[in-house]
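We're numbering straight along the sequence, starting at 1. All values reported here derive from a predicted model rather than from experimental measurement.
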Amino acid sequence: DPANQVVKRMVVEYELDGKPLRASVGENQTLRLPPEGQQGTLLIRRAAYGDIPDGPLQAALRQRIRDGHLVVRTGNEIAGDPAPNIRKQLHVEYAVDGMPGEMTLGENALLELPLSQAPAWQPGELAVADGQLHLVAWDKGDFQVQFADGTSRQLTAAAPPAEVPLAGPWTLRFPPNLGAPTKVSLPKLISWTTHPDEGVQHFSGTATYELAFTVPPEACQPGTKAMLDLGQVQVIAEPVLNGTPLGILWKPPFRVDVTDGLKPGMNTLQVRVTNLWPNRLIGDEAKPDYRDWGGAALKSWPPDALNNTPPPDTGRITWTTWKHYRAGDPLLPSGLLGPVRLRFARILTVAAP
């Protein structure tokens, strides 16, 4: 055990038929080489288990942690420039509350750890509607509203309707010609990167979640507010309730008011989720390539680019002029991760002072 009581990862650099690749697994996970469905002559080039030197870069990042959070631009100002005039990437392996994770970012990207979390629900909040002040009580109890002139109002909120969990099963639909199946069924919400289908693991783009659910009549009565909480989303969500778009949610909290669109009985929810490109780029690196590379850049332009003709069908989805990633690089969490639920509140009018 190279680091007792510390969650570790094993990183293996290997070659498959002469092609350099990389794989990484967390502690107590299974590493299978070659990956399932691939064959070839295997050569292990390097393996490390919890053997990461505490060098200047690691020390510099640790010094920038404030109140358990790290936000830093991945530039040379962190710990100098190890390779002048060469575009670099920062690979970080970390643990949050004992749960391991890893992330790879390009130069000058923003590194934020842990991933943004939604703020906690408050028992109550004030809101103004139709010229009146209201207390929105998410929990039952006694509330006091203090005014600027020193006067106050006491209010008691009854228990709101019980929240409705939207756990699934979900239907997840993918657009054509992007490497993923037409649709998959999800008994519960997971990151696309942990799905057994390789096309889902490496999908980049916009996929649509679908769910039908039932709402009790008491949740739609006057004086009740309903909020759809999507939980964690990677990266952007566009919810549609009963055919009505609810806007674009691009940062926590992924919550939206659904009071006017919710109805007693059966409802339908669609959530279009868009992730980033790295997962597809990483997946494509495991597929045959017909281009001639000089390191990370193209050595020469291939005929399809020069003649504006379709590229050969090698199973690749993307076409780039730079090798941003390698096969086996860590995938970015993607999709609707949840938990998804409906929460309800009592709306009480606050008398003016």
Side-chain angles (χ1 to χ4, degrees), residues 97 116-170 186-189 209-233 237-273 336-353:
D97 294 334
S116 298
Q117 300 293 320
W121 288 85
Q122 299 300 316
E125 58 192 36
L126 294 175
V128 176
D130 300 325
Q132 289 186 310
L133 180 64
H134 299 281
L135 170 68
V136 181
W138 298 102
D139 294 320
K140 69 175 182 179
D142 297 324
F143 296 83
Q144 178 176 301
V145 179
Q146 187 77 37
F147 292 95
D149 64 359
T151 61
S152 63
R153 296 290 185 272
Q154 301 287 335
L155 299 99
T156 298
E163 70 175 49
V164 176
L166 306 182
W170 294 79
L186 299 179
K188 64 178 182 179
L189 294 173
Y209 292 80
E210 298 176 350
L211 179 71
F213 60 94
T214 303
V215 174
E218 59 268 23
C220 300
Q221 293 179 349
T224 302
K225 181 175 181 176
M227 187 74 72
L228 173 64
D229 181 5
L230 297 180
Q232 188 179 158
V233 175
E238 300 177 69
V240 179
L241 178 63
N242 295 324
T244 300
L246 302 177
I248 298 175
L249 307 177
W250 60 275
K251 66 174 184 177
F254 293 94
R255 300 169 184 163
V256 61
D257 189 336
V258 294
T259 305
D260 295 335
L262 206 62
K263 61 183 180 181
M266 187 62 65
N267 291 255
T268 59
L269 176 66
Q270 292 181 322
V271 184
R272 292 191 285 264
V273 175
L336 179 61
L337 306 183
V340 181
R341 56 180 175 166
L342 289 168
R343 285 207 64 185
F344 304 97
R346 298 293 186 189
I347 302 177
L348 289 78
T349 301
V350 182

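For the residue pair Gly261 and Asn242, the shortest heavy atom distance occurs at O-ND2, 3.0 Å. Here the closest non-hydrogen pair linking Val215 and Lys263 is CB-O, 3.8 Å. When every heavy atom of Leu135 is checked against every heavy atom of Val350, the shortest pair comes out as N-CG2, 3.8 Å. Closest of all the heavy-atom pairs between Val136 and Ala345 is CG1-CB, 3.6 Å. When all heavy atoms are compared, the tightest approach of Gly247 to Pro239 is O-CD, 3.4 Å.
Between Glu210 and Thr268 the shortest side-chain heavy-atom distance does not fall below 4.5 Å. Using a 4.5 Å heavy-atom cutoff, the side chains of Thr224 and Arg346 are in contact. Contact annotation: the side chain of Pro123 approaches that of Phe143 to within less than 4.5 Å [non-hydrogen atoms, C-beta and beyond]. Looking at heavy atoms from C-beta onward, Val145 lies in side-chain contact with Leu126 at the 4.5 angstrom threshold. Two residues are said to be in side-chain contact when any heavy atoms from C-beta on lie closer than 4.5 Å; Val340 and Tyr209 fail this criterion. Within the 4.5 Å cutoff, the side chain of Leu342 has heavy atoms near those of the Phe213 side chain.
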Go through it in stages, so that I can follow the logic: the residues are Leu262 and Phe344, the test is side chain to side chain contact (heavy atoms under 4.5 Å, CB included), and I'd like the CA-CA distance, side-chain angles, deciding distance and then a yes or no. CA-CA 11 Å; Leu262 206 62; Phe344 304 97; 3.8 Å; yes
Could you check Leu228 against Leu269 for side chain to side chain contact (heavy atoms under 4.5 Å, CB included), going step by step and ending with a plain yes or no? CA-CA 10 Å; Leu228 173 64; Leu269 176 66; 3.9 Å; yes
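The main-chain N or O of Val258 is never found under 3.5 Å from a side-chain atom of Asp260 such that the two would form a donor-acceptor pair. Asp257 places a side-chain N or O within donor-acceptor distance of the main-chain N or O of Thr259, the cut-off being under 3.5 Å.
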Enumerate, atom names and distances included, each donor-acceptor pair closer than 3.5 Å involving a side-chain atom of residues 152-168, sequence neighbours excluded.
unit_1, atom_1, unit_2, atom_2, d
Arg153, NE, Ala351, O, 3.4
Arg153, NH2, Ala352, O, 2.8
Gln154, NE2, Gln144, OE1, 2.6
Thr156, OG1, Asp142, OD1, 2.8
Glu163, OE1, Arg341, NH1, 3.0

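Here the OG1-CG distance, from Thr349 to Leu133, works out to 9.0 Å after rounding to the nearest 0.5 Å. With rounding to the nearest 0.5 Å, the separation of NE2 in His134 from NZ in Lys225 is 10.5 Å. Distance check: Leu189 CG to Leu336 CG gives 5.0 Å after rounding to the nearest 0.5 Å.
Within 6.0 Å of the CG atom in Asp149, the count of heavy atoms belonging to other residues, nucleotides or ligands exceeds 12.
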